[in-house]
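First comes the structure, then the notes that go with it.
Chain A is the first sequence line, chain B the second, and so forth, proteins listed ahead of strands; every chain is numbered from 1.
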Amino acid sequence: MSTAPMTRKDTPVSGSPSAATSMVDREDMSLKPSRTWMHVARSLYRSKLAFFSLIVIGILALIAILGAAIAPYPPSQQNLLHTYLPPAWVEGGRLEFLLGTDNVGRDILSRMIPGARISLLVGVAAVVVGGFIGTVLGLIAGYFGGWVEALIMRLVDLQIAFPAMFIGLIAMALLGTGIVELIFVIALVQWAYYARVARAETIKIKRMEYFHAARALGVRTVPLIARHVLPNAIGPLLVVASFSLSTAIFYEAAMSFFGLGVPPNIPTWGNMLAESRNTLLLNMWAPVFPGLAITITVLAFNLLGDWMRDYFDVTQQNN
Amino acid sequence: MHAFIIHRLAQGALVLLMALTAAFLLMYVIGDPVIAIVGAEADRATIENVRQLYGLDRPLYVQYFSFLTNALQGDFGMSARYRTEVFPLMLQRLVVSIEIALPALVLAICLSILLGVVSAAYRNKLPDYLARIVALVGQAAPIFWVAIMLIVIFSLALNWLPASGRGTWQHMVLPTITLALWPTAYLTRIMRGSILDVLGSDFIRTARGKGLAPMAVLFRHALRNALIPFTTVSAMQFATLLAGSMIVETIFNYPGLGLLMINAIRQLDISLVAGSIALTASIAVVMNLVADILYAVIDPRVSR
């Protein structure tokens, strides 16, 4: 097999001949993880937008992890001599306050950096919680069918019938503001999308031969779902997760903006925007950068989601 | 076709029933409707009187059925804050909201068809890239930030348009634009995608093969078929606009349904919140139904 003539149909950009040979070697064992990862990496690299957004996400993650350590000032340090400063490159701005200051002279950049941590933390946690609940319910609905499925899917319908912001705000008003509360509320308004996709994929997989084979071999229900259904449904679920992450970041900012999200004393992008509204006449620059940060973050996750959707569609066609 | 519509109607009715149940749970289990009527400062004797007067001392399931029958007649009780019937108040504010929501939807539909067609016609050329950037950024930029930036630019810096309130047509410009942005971006992507889908199909190849001019193919054949998915998605956008109006009306202080609902939630005006839940669910269910029926009418393959 290794001496078979090299066909390069799969690997137009592959480097040395040995790499191409090993690709051919693995042709028969098509689900080897290393090859899958190579394929993912290559497709990502080829899609410039997705590659670029991955870099942006990486930088954001780094900022979120390092947090206040890389900020020029403590986030709540006031400089009453330098209030309402525009960014440094605008007339009246000062170099030591790169993006300007707010109404009590707090450095905007120093407040935005811890804001990144909260945005990503809330977004990722909400996706994990919502994704887990939705996926489990969707797998159950698709696998068992019958009244269980009917019940779960009517709940999904109910959830999706409402604008998410609307239920989210009601839930936050009842629960009270807080980061943990916000994570669960965002999960609550997002689980239904995972459930829909997980159910649809499960129904598709239930018709496949390998599934019947596994069941005929006596694989029990839970391992059957966990090992044979879930791994093959993971692609479409990841697509949902990527888009959910960007909307979760939007919800965090929007609910904080309304005073029903992260408590207002914690600096987040949404809280900074809400504060800037009160002093717009004195400082028109204050809302610019927090809003830009939200836009860039949401855009990066949307682009990644777009790429994933294309990627998984393509592989589905190949199968 | 009839069976299909009846099936969707039944599904919609079920969702509505569940929404009313959720509203009931919110009002009677989490909140206390007596407090909503008399206010938190009332003395115990008044509270007991009102409880008996309104039949709130009856078993919960009796109250549930009377809540349902009242709700189906549009009776959600009194708003604690506005001291008036909830349902007429909501309808009155809904009309005000539609004043900006409808122009926003029309604007979004027109712009997105234009951008989508241009994008597909000049695929992978400059106009396509520009339209795609507009769509991507328009979907990513948070609506409350866009609203603030529009106020900063057009009200504070240029002093062209008022930043808040309602009255003249100038008051409607900024809220309408803000509200239209997200649906425009979203619908542009849908439009571009569905035109490109149609352009790849066999009958377009046939149309081209018989020597039809590219523009004729685009407008006479591709656009008409691409409008099928587009129509249903646009109908569903109306429910999204309702959510957007909560944000936009708050920032522009525009006294529509969105602002009413936000204030009700913030002040936990329970009967008004319950009424909003029912109204929002009804609008969403009706718009989804309209979308489904439109889809089935335009594309008869669906209902089979």
inquiry  = Under 4.0 Å between a side-chain nitrogen and a carboxylate oxygen: does that hold for A/R154 and A/E149?
reply    =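 No, this pair does not count.
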
message = Regarding A/D306 and A/R309, does a basic nitrogen lie under 4.0 Å from an acidic carboxylate oxygen?
response =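 Between A/R309 and A/D306 there is a salt bridge, with a charged N closer than 4.0 Å to a carboxylate O.
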
Does [X] reach the main-chain N or O of [Y] with its side chain, forming a donor-acceptor pair under 3.5 Å?
X      : Y      : answer
A/S242 : A/V239 : no
A/N283 : A/T101 : yes
A/N271 : A/I266 : yes
A/W269 : A/M112 : yes
B/R192 : B/G116 : no

I need the residue from [options] with the largest number of non-hydrogen atom pairs under 4.5 Å to chain A.
options                        : value
B/V273, B/I283, B/I251         : B/I251
B/I247, B/I143, B/V146         : B/I247
B/L268, B/I277, B/L136, B/V137 : B/I277

Residue part contacting chain A, namely of [X], when any heavy atom lies under 4.5 Å:
X      : result
B/I153 : neither
B/M261 : side chain
B/M149 : side chain
B/L156 : both
B/L14  : side chain
B/I151 : side chain
B/L16  : neither
B/Q11  : side chain
B/S155 : neither

Taking every non-hydrogen atom, the tightest pair across [X] and [Y]:
X      : Y      : answer
B/A281 : B/A19  : CB-CB, 3.5 Å
A/P287 : B/V152 : CG-CG2, 4.5 Å
A/R117 : A/A64  : NE-O, 2.8 Å
A/P163 : B/T280 : CD-CG2, 3.3 Å
A/G259 : A/T177 : O-CG2, 3.4 Å
B/A180 : B/A108 : O-CB, 3.9 Å

inquiry  = Which one wins on heavy-atom pair count under 4.5 Å against chain B: A/S276, A/A254, A/P290?
reply    =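 Max contact count across the listed options: A/A254.
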
task = Sort out for me which of A/L169, A/L260, A/D157, A/V288 touches chain B most, counting heavy-atom pairs under 4.5 Å.
result =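 The residue among A/L169, A/L260, A/D157, A/V288 with the greatest pair count is A/V288.
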
task = Would you indicate whether the side-chain heavy atoms of B/I100 and B/S245 approach each other to under 4.5 Å?
result =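 Not touching, per the 4.5 Å side-chain cut-off.
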
request  = Answer whether the closest heavy-atom distance between the side chains of B/L130 and B/V134 falls below 4.5 Å.
outcome  =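 Sidechains of B/V134 and B/L130: no contact.
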
inquiry  = Can you classify the ring geometry of B/F87 versus B/F76 as parallel (below 30°), tilted (30 to 60°) or perpendicular (above 60°)?
reply    =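 Aromatic pair B/F87/B/F76 classed tilted.
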
ask   = chain B heavy atoms under 4.5 Å from A/F301: which part of the residue, side chain, backbone, both or neither?
value =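 Neither part, no heavy atoms under 4.5 Å.
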
request  = Select one option (side chain, backbone, both, neither) describing which atoms of A/L292 are under 4.5 Å from chain B's heavy atoms.
outcome  =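 Interface part for A/L292: both.
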
ask   = Residue by residue, which of residues 245-253 of chain A have a heavy atom closer than 4.5 Å to a heavy atom belonging to chain B?
value =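 Contacts with chain B: A/F250, A/A253.
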
key: Contact residues of residues 181-196 of chain A (partner chain B; heavy-atom separation under 4.5 angstrom)   =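 Listed by number, there are no contacting residues, so the answer is none.
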
inquiry  = Under a plain distance cut-off of 3.5 Å, with no hydrogens placed, do B/Y64 and B/T21 share a side-chain donor-acceptor pair?
reply    =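 B/Y64 and B/T21 do have a side-chain donor-acceptor pair below 3.5 Å.
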
